[in-house]
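So you know, we letter chains A, B, ... as the sequences are listed, proteins then strands, and number each from 1.
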Number of protein chains: 2
Amino acid sequence: MNKPKNLPRRTVGLRRIAEDLGISISLVSKVLSGKLGTSGAQESTIRAIREKALELDYRKNRLAEALRTGRQNVIAVCVHRHGEVGSDIVEEMVSGIAAEAAEFHQRLMILYYNTPEEFREFVPEVHRNAVDGVILGGLPHAELLDELMDWHSHGLPVITIHDGQLNPALPNVGIDQVEVGRLATRHLIDQGCRHIAHFRLGPNAESRLAFKGDHMSPDQRYEGYRQALRESGLSRPASLLVDVSGYNYAAGREGVQALFDRKARFDGIVAISDQHAAAALNHLVANRRQVPQEVKLIGVDNSPFCQFAIVPLSSVSQEFTSRGRQAVRLLMAEAQGEKVSSVCVEPVVYARESSAAS
Amino acid sequence: MNKPKNLPRRTVGLRRIAEDLGISISLVSKVLSGKLGTSGAQESTIRAIREKALELDYRKNRLAEALRTGRQNVIAVCVHRHGEVGSDIVEEMVSGIAAEAAEFHQRLMILYYNTPEEFREFVPEVHRNAVDGVILGGLPHAELLDELMDWHSHGLPVITIHDGQLNPALPNVGIDQVEVGRLATRHLIDQGCRHIAHFRLGPNAESRLAFKGDHMSPDQRYEGYRQALRESGLSRPASLLVDVSGYNYAAGREGVQALFDRKARFDGIVAISDQHAAAALNHLVANRRQVPQEVKLIGVDNSPFCQFAIVPLSSVSQEFTSRGRQAVRLLMAEAQGEKVSSVCVEPVVYARESSAAS
DNA sequence: TTGTAAGCGTTATCAC
DNA sequence: GTGATAACGCTTACAA
C-alpha cells in the first residue's frame, strides 16, 4: 500500500515537462537534446521548456536513452595486476580511465583479476547486451587472447593497454619499451656514469612466461640500454649485465648481490622496476656505498615509494594515467565505427637524488 | 544500406527465444528469471527455453531490466585522494568496491577528486535518474556535507568510508582510530619498547582543517597511544610526544628531527602514517641508529612500500578492501529499503622487521 | 500452465 | 513548428 496510484509521478521525465507545459513529449525531447534539425521551434517554447527542465531539475534517464539507441554506456575494464604492488600503475590507469569515462558519460564495470580463472568467471558478464566495449590493462596474458578475439568478433571493441599490441585487430595504447631502457640509460650517462650495470629479465624468469607470444619481448628495455651505450660509445662488459628472476624486490636484491659477488666495477644501475632500484639502493647503503656519489640508480614506473626511499629514486614513468584516458578515447572512436589503430606514448624521466650528478 | 530490414534480428532477446519456440515472451521471461511463482510451467517447456537460451547465447539486457524496474544498477563512487600517495588505500578501497559491485551486477561511476570544486562539477551527474546510490571514500571533507545530505534527502542512499560517520543519516563503514593507535603502541610494548614516542597531528596541521566538524577527531590515535601506555603502566614524558604538520614524509622527518633536537631517549616510535615511519627510518639509519635493535617503528596503512624500506616497516592496516566491499553491501541493503546503520571494522597489525624483538 | 497487454523514458520517423 | 506513434527489451498484473 505504499504506492498510491493517484499521486503525481515522482520521477521527472520528458513526459512530466510536456504535461506541465501542455505540449508533446517529442518536442521537449528535440529541444532538450538539441536535435531540432532544420525546422527549429518557437523561441518562446524553447525557453519555456528549458526553464521547466531547470525548475523540475530534469535529468535525462541515460538508461532509457541507451535502450532506445542500442548503446549501453558501459565500459568493461579488466585489470591484471599480479605482481605490481606499490607501483600504483594500476591506480593511475584506472583513474585515467575513470576520468575520461566520466566525460563520455560512460559507466565502468571493473574486474581486477590475478588469475586467468578469475578472468574467465567474468567473461559471461561481458557481452554486447551489457557493455559497449572492453579495456584490458595490467600485465598482458597471451592465454586470454581467445576470449578477447571472441569479443572482438562479436563486434565488441577491445582496447588493450600493454606494451605492444597482442593482435593487429586489437588497438593498443602502448609505450616504447626500447625507449624506456634507452632514456633511463641515457639519463645516467648524462649524469656522468661510465660503467652502467643493467638488470635484465633472465631466460627463466617467471614474468617472461606470460609473454609467450611473439607480440612482446621483455628484452626491449635491454635493447634500449644497449642502444644508449652504443650511442655514447661506451663499452658493455658482460660483468655488468645481470639476469634476474622477476621485477620484484627480491629479484633486485639478487641483482646487486650478483654485482658484488662478481666484484664488478659499476657507477650506475639501470633497473627495470622501482622495486629493483629500491632493493639495490638498500643493499648498497647497507654496504656503505654512497648513492648517488659512487653509484647512481634509476628504476621504472615512477612509483610513489620512489619518494620515500632513503635516497629518493629516479625513475622512468610509463604514463599510465594518460594511457588510460587514451584507451577510452580509442574505444569511443571505435564504437562510433571509426577505424582506429594502436598508438604509442613516450616514456618520461623523473630525476631524483639517486641519479644526481656528483 | 547496411541495415537490411528482412534479415533476422541480430540481437538475442527474450523475443527471439519466444519466436523460435513459438511461445510467449512473458513465459520465457518468467522461466529465465526464475520467477514462476507458485504455478510453475511444464518441465519440457522450461528445458526447451533453457536450451534455446544457451544455444543462442542469450544474456539479459540489464538496461531494459533496469528501465522497467526503475533501478539503475549504477553506483557512484567519489574518492577524495589528496595526500595519500603510495599508501594504496584508494586502490584497495576501489578494488573492494569493484569486486562487490560485480557480484551485485552494479556498474560504477567513479570520481577521483582532489578539490571540492572537482567534486561539485560531478554533482549534477549524480541523480536518481542515473545512479542508485553513492559511496564516498578517501579523506572526509566536511564542506561537502550539504551535497551529501541533499542526495540523501532525494532518496539516494549515501554510504561513507571514513573513520567515523559524518552525519547520523549517512551510514559509515568506519574504523576505530583509537584502536589503531592502541594496537600499534601495544605492539611495540609487546616487542619490548619502554620509551615510546608518538607523532601526533599538531594543532595547526593542514590535515586537521578538513576535520572541522565535530564528527571526527585526528587525536584518536593519540588517545589510543595513551590508553596502551596506561594499560601497561608506562610513563608518557612530554619529550616523547611530537606535534607534526601532516601525514606526509616531510612531516615524519620533522618528527624524528624534533626527537633528536630534544635529545629525547626513545626506543620506539608510533607514527600515524607509513610515510612518517619511512621518514623516521631513513633518518635514523642515516644517523647510524639501529632499527629495530635501538629503535622500533610502526606506521599506519600497511602501504606496499613498507616492504621496500631499508628495514621492512611494521604497520597497522585500516582494512580498506574489506570496507569497500562492506560499503557496497550496505548500499544495496539501503536501496532495498532496509534500515542500515554504521559499522566499524577492526584494524590489523602487520608485524615486520622494523618492530622485531631484539 | 500459458498468454495478453501495459508500461518503464527515451528517440526517430513521419504526418499534419 | 508541432505532435502522434512505434520501438528499444524487459517485467508483471491479470486474463484465459
Side-chain angles (χ1 to χ4, degrees), chain A residues 1 3 5 9-49 53 56-74 105 127-132, chain B residues 3 5 9-49 53 56-74 105 127-130 132:
Chain A
M1 283 298 138
K3 277 187 191 173
K5 276 194 159 37
R9 231 181 330 284
R10 302 172 43 204
T11 58
V12 176
L14 293 178
R15 156 126 102 236
R16 171 70 193 281
I17 296 177
E19 279 174 2
D20 278 24
L21 256 37
I23 58 180
S24 77
I25 297 180
S26 50
L27 187 52
V28 179
S29 168
K30 284 177 214 158
V31 168
L32 253 25
S33 53
K35 294 194 179 142
L36 281 169
T38 53
S39 47
Q42 209 137 31
E43 259 310 317
S44 57
T45 326
I46 296 183
R47 222 187 356 263
I49 292 173
L56 297 177
D57 193 29
Y58 165 79
R59 317 291 169 99
K60 176 191 288 190
N61 184 325
R62 306 223 172 251
L63 236 51
E65 176 192 33
L67 180 60
R68 173 62 232 230
T69 58
R71 312 211 40 251
Q72 300 283 340
N73 295 324
V74 175
H105 296 294
H127 190 270
R128 263 321 232 1
N129 273 2
V131 307
D132 296 320
Chain B
K3 277 186 191 176
K5 273 193 165 37
R9 233 183 327 285
R10 301 173 43 206
T11 59
V12 176
L14 292 179
R15 156 128 99 233
R16 171 71 193 281
I17 296 178
E19 279 174 1
D20 277 24
L21 258 36
I23 58 180
S24 78
I25 297 180
S26 61
L27 187 53
V28 179
S29 167
K30 284 178 218 160
V31 168
L32 254 23
S33 52
K35 291 191 181 147
L36 281 169
T38 53
S39 46
Q42 209 137 35
E43 259 311 317
S44 58
T45 325
I46 296 183
R47 223 189 355 263
I49 292 174
L56 298 177
D57 193 29
Y58 166 79
R59 318 291 170 100
K60 178 190 286 187
N61 184 324
R62 305 222 173 254
L63 234 53
E65 174 191 36
L67 181 59
R68 171 64 229 235
T69 58
R71 312 206 46 245
Q72 300 284 337
N73 296 326
V74 175
H105 297 294
H127 190 269
R128 263 323 237 352
N129 273 1
D132 296 320

Net bend of the helix from C:dT1-D:dA16 to C:dC16-D:dG1, end axes of five pairs each, nearest 10 degrees: 50°
Residue-phosphate contact under 4.0 Å: B:R15 side-chain N/O, D:dC8 OP1/OP2: yes
Starting from [atom2] on [N], measure out to [atom1] on [X] and report it in whole angstrom.
{"X": "B:R16", "N": "D:dC8", "atom1": "CZ", "atom2": "P", "answer": "14 Å"}
{"X": "B:R59", "N": "D:dG9", "atom1": "CZ", "atom2": "C1'", "answer": "16 Å"}
{"X": "B:L67", "N": "C:dT10", "atom1": "CG", "atom2": "C1'", "answer": "8 Å"}
{"X": "A:I25", "N": "C:dC8", "atom1": "CD1", "atom2": "C1'", "answer": "12 Å"}
{"X": "A:L56", "N": "C:dG9", "atom1": "CG", "atom2": "C1'", "answer": "15 Å"}
{"X": "A:E65", "N": "C:dA12", "atom1": "CD", "atom2": "P", "answer": "9 Å"}
{"X": "A:D132", "N": "D:dC8", "atom1": "CG", "atom2": "P", "answer": "18 Å"}
{"X": "A:R68", "N": "C:dC8", "atom1": "CZ", "atom2": "P", "answer": "17 Å"}

From CD (B:Q72) to NE2 (B:H127), nearest 0.5 Å: 10.5 Å
Separation of A:E65 CD from A:H105 NE2 (nearest 0.5 Å): 8.5 Å
For B:A66 against B:N73, the heavy-atom pair lying closest together: CB-ND2, 3.9 Å
Nearest listed nucleotide, side chain of [X], among [options]:
{"X": "B:L14", "options": "D:dC10, C:dT11, C:dT1", "answer": "D:dC10"}
{"X": "A:K60", "options": "D:dG9, C:dT10, D:dT5", "answer": "C:dT10"}
{"X": "A:I23", "options": "D:dG3, C:dA12, C:dC8", "answer": "D:dG3"}
{"X": "A:Q42", "options": "D:dG1, C:dT2, C:dG9", "answer": "D:dG1"}
{"X": "B:A64", "options": "D:dT2, D:dG9, C:dG9", "answer": "D:dG9"}
{"X": "B:A41", "options": "C:dG3, C:dT11, C:dT1", "answer": "C:dT1"}

Side chain A:S29 and base C:dA12 donor-acceptor under 3.5 Å: no
Check: C:dT4 base within 3.5 Å donor-acceptor of B:S26 side chain: yes
A:R62 or B:T45, whichever maps to the more 5' nucleotide of DNA chain C: B:T45
Identify each atom pair where a protein N or O and an N or O of nucleotides 14-16 of chain D are less than 3.5 Å apart, giving names and distance.
none

Name all residues meeting the side chain to side chain contact (heavy atoms under 4.5 Å, CB included) criterion together with [X]; count only those two or more places apart in sequence or in a different chain, and write none if there are none.
{"X": "A:L32", "result": "A:L14, A:I17, A:V28, A:I49, A:A53, A:Y58"}
{"X": "A:S33", "result": "A:S29, A:K35, A:K60"}
{"X": "B:A64", "result": "A:L67, B:N61"}

Set of salt bridge (Lys or Arg N to Asp or Glu O under 4.0 Å) partners for A:R68, sequence neighbours left out: none
With sequence neighbours excluded, residues passing salt bridge (Lys or Arg N to Asp or Glu O under 4.0 Å) with A:D20: A:R16, A:K52
Sugar-phosphate only, base, or nothing, as touched by B:G13 at under 4.0 Å among non-hydrogen atoms: sugar-phosphate
B:T69: partners by side chain to side chain donor-acceptor pair (under 3.5 Å), with sequence neighbours left out: none
B:V31 vs B:T45 side-chain heavy atoms within contact, under 4.5 Å: no
